[in-house]
Student: 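Got a structure for you, written out below as structure tokens; questions coming shortly.
Order of the sequence lines fixes the chain letters, A, B, ..., with proteins taken first and strands second; residue numbering starts at 1 for each chain. Only heavy atoms go into these numbers, but all of them, side chains included; no hydrogens, no water, no symmetry mates.
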Amino acid sequence: MAADNNNSTGLKYIIKKKQKAKRNVHPFQRDTKTKKVSKVIRFDDSDKDHLVSVERLKGENSLTYKSLKNRASDLLKVRKALPVYHHKREIMSYIESNPVTVLIGETGSGKSTQIPQFILEQLYDKKKHGSIAVTQPRRVAAINLATRVSQEHGCKLGDQVGYSVRFDNTTTAKTRLKYLTDGMLLRELMMNRDLKEYNVVIIDEAHERTVLTDLILGFLKSLIKGSRPDLRIIVMSATLQAEKFSEFFNNAPILFVEGRKFDVTQYYLKAPTDDIVDAVIRCCIQINQGEQLGDILCFLPGQEEIDKAVTIMEKIAKYVSDETPVPLIVPYPLYAALPPMQQVLVFAPIKGFKRKVIFSTNIAETSVTISGVKFVVDSGLRKVKVWRHQLGLATLLTVPISQASAMQRSGRAGRESEGKSFRLYCESDYLKLPEQSEPEIARSDVTSPVLMLKRYGINDLVNWSWFENPGKEAIVMGLQELYELGALDTRGKITKRGEQMALLPLQPHLSSVLIKASEIGCLSQVIDIVSCLSVDNLLLNPSPEERDEVNERRLSLCNAGKRYGDLIMLKELFDIYFYELGKGQDSNSERNDWCKGLCISSRGFKNVIRVRDQLRVYCKRLFSSIDEENEEVRKIGEDRDEISKILKCFLTGFINNTAIGMPDRSYRTVSTGEPISVHPSSMLFLNKSCPGIMYTEYVFTTKGYARNVSRIELSWLQEIVTSGTAVAKQKIASSK
DNA sequence: GAGCACTGC
């Protein structure tokens, strides 16, 4: 590939007039009778950009009262310079006189740090009791915001201002302003249905439309219509979707807060391209030749495309900079399954006459911010998981992004200075894109939300105050799943088992496995396996060169796993990590080296231990059946009976995720008879001798794959079903 | 022969 690329792939750009990366807010600026107000308030600063790193702050926890106050008064000067301060009274008067306020402002407009403090001051002034909850979709955001705001407030983290996320709760009895993940607030709703400790609940980043935020919105609506008419609600969102939030809450007023961003010039392709990796590479080379220094962030749909782009770029970068006097391009991949060691490389600034080019998935769209980016190259594609209720199957699809998402991606070029965004599609195609991405709840398995609603005491789920109704079919499938797991009775009422399942921080299927394990006495071992399963990206993907080597090492370590599959392998790995390694002085480095050799995430394994600790505490409370003694015995051996017992526990939760071996050595699912293949990452990929398999996940990519696969005997199916529900029995019978 | 992104009393 040559640097001269004005050729047939159509990579010539038409310059568009300069436009802001953010969307114009006009559609909402009209005043109507129902929309009581429209305010445009300009911020000169952005909140999350000036957040200090948590590590640094934790070291400062020993600060004296006086120095805390001094720092707060320094910060107050900065805060007072924010234009939002001048509009404080107006904003507060709307919040005060309306049960629900929708506050529109971009991420980084200052709303997340300042508005909660205004409300806190008001609570102090009026000598009111109660506190404020601010929800965030991500843990890091909750932690960073609470840390910053506690400084501004002049208190230690956990005094008046604190945060609560899984495994980490800094709040105390003194805390009046609490930043928490939306999952945490839902947990609180399960325990304390009226949220009576809160005067005000703020839902931040509501435009991201995660399943959990959508659920919270539904719960809040039913609360203000029912037992908490006094509760104040503020929905904070980026510019779009304001009207949807407003309409949902009885035409709540919408306030606008503008954030400052730098101009981003938009470029489009003249003609569409059919090879997106090639187009991205060519675009980067072109930027490198014609543009000033500054890093490039490229959005590609998935790992496959990213690895390919990195490989190509590595090959041509040196050649290009040798031939012409341009910066040397240094390519980096970025995606969630990448080993953390490689992920951090992306953030280190580059020295010399070089240019960083980051090839990233959607992870860089909201979750991760990289400084130094001046150029964005957008493939216009992403991967989404879409749940098929009828098939119990997740499909992973590559689809065009929405306009909102395209704008979010472009905005990544304008965070520190003016930037440029290159969209590798035509402007006419951009205009055809949907305005918004489909909300997650519309394409997800809702078994877990349905269980939450049942536990909350909702009977008529179809007509509940869903912010987005996932549809009757999805709800009915959820109800049936829960009935089959024994969480609901024949009338759809939650059972004692269902109550226990709802309290465990696991998906219902895994909760049900845990309960079964406690009944038949293998809880400790099953907790270890479930803990591994509930950590994402524990087993990382080895690079192609070391793949065979790593697989060989894993196989040789896990004798039982080789025969019985991935669940047993996880337990074997856990046993080595937990019982054999890390006893000596160099425990940490010993464990890290071991993880590295097997391409296991050591951060992931630390999370496994935290999940395990939490599950053990919950189980002790729920079933009081964990035997603290004989801990060594909990290691798994190659005892056939013990392994069968453990796998049968899993079978009670995943009876519908089973397939039977055919004479031609393929597998067909028990429930639908569809062909299914063992995923190549599985221990059982090469094992062709299983009478049947059970899996925790069924994903369709190029074909239907079973992931986390275990060997099962066909007689077990009958055995489990005889002790199970009538519905499942019928399914097995009809599949024969 | 293959892996979008988050998250939980």
Student: Which residues satisfy the salt bridge (Lys or Arg N to Asp or Glu O under 4.0 Å) test with A/Lys174, sequence neighbours excluded?
Tutor: A/Asp159

Student: Could I get the full list of salt bridge (Lys or Arg N to Asp or Glu O under 4.0 Å) partners for A/Lys562, not counting sequence neighbours?
Tutor: none

Student: Show every salt bridge (Lys or Arg N to Asp or Glu O under 4.0 Å) that has at least one partner inside residues 380-389 of chain A, sequence neighbours left out.
Tutor: A/Lys385-A/Glu697

Student: Going 5' to 3' through nucleotides 2-9 of chain B, assign each nucleotide B (protein heavy atom under 4.0 Å from a base atom), S (under 4.0 Å only from sugar-phosphate atoms) or - (no protein heavy atom that close).
Tutor: BBBBBBBB

Student: What pairs of residues pass the salt bridge (Lys or Arg N to Asp or Glu O under 4.0 Å) test when at least one of them lies in residues 178-199 of chain A, not counting sequence neighbours?
Tutor: A/Lys178-A/Glu188

Student: Could you tell me which residues satisfy salt bridge (Lys or Arg N to Asp or Glu O under 4.0 Å) with A/Arg166, sequence neighbours excluded, listed by chain and number?
Tutor: none

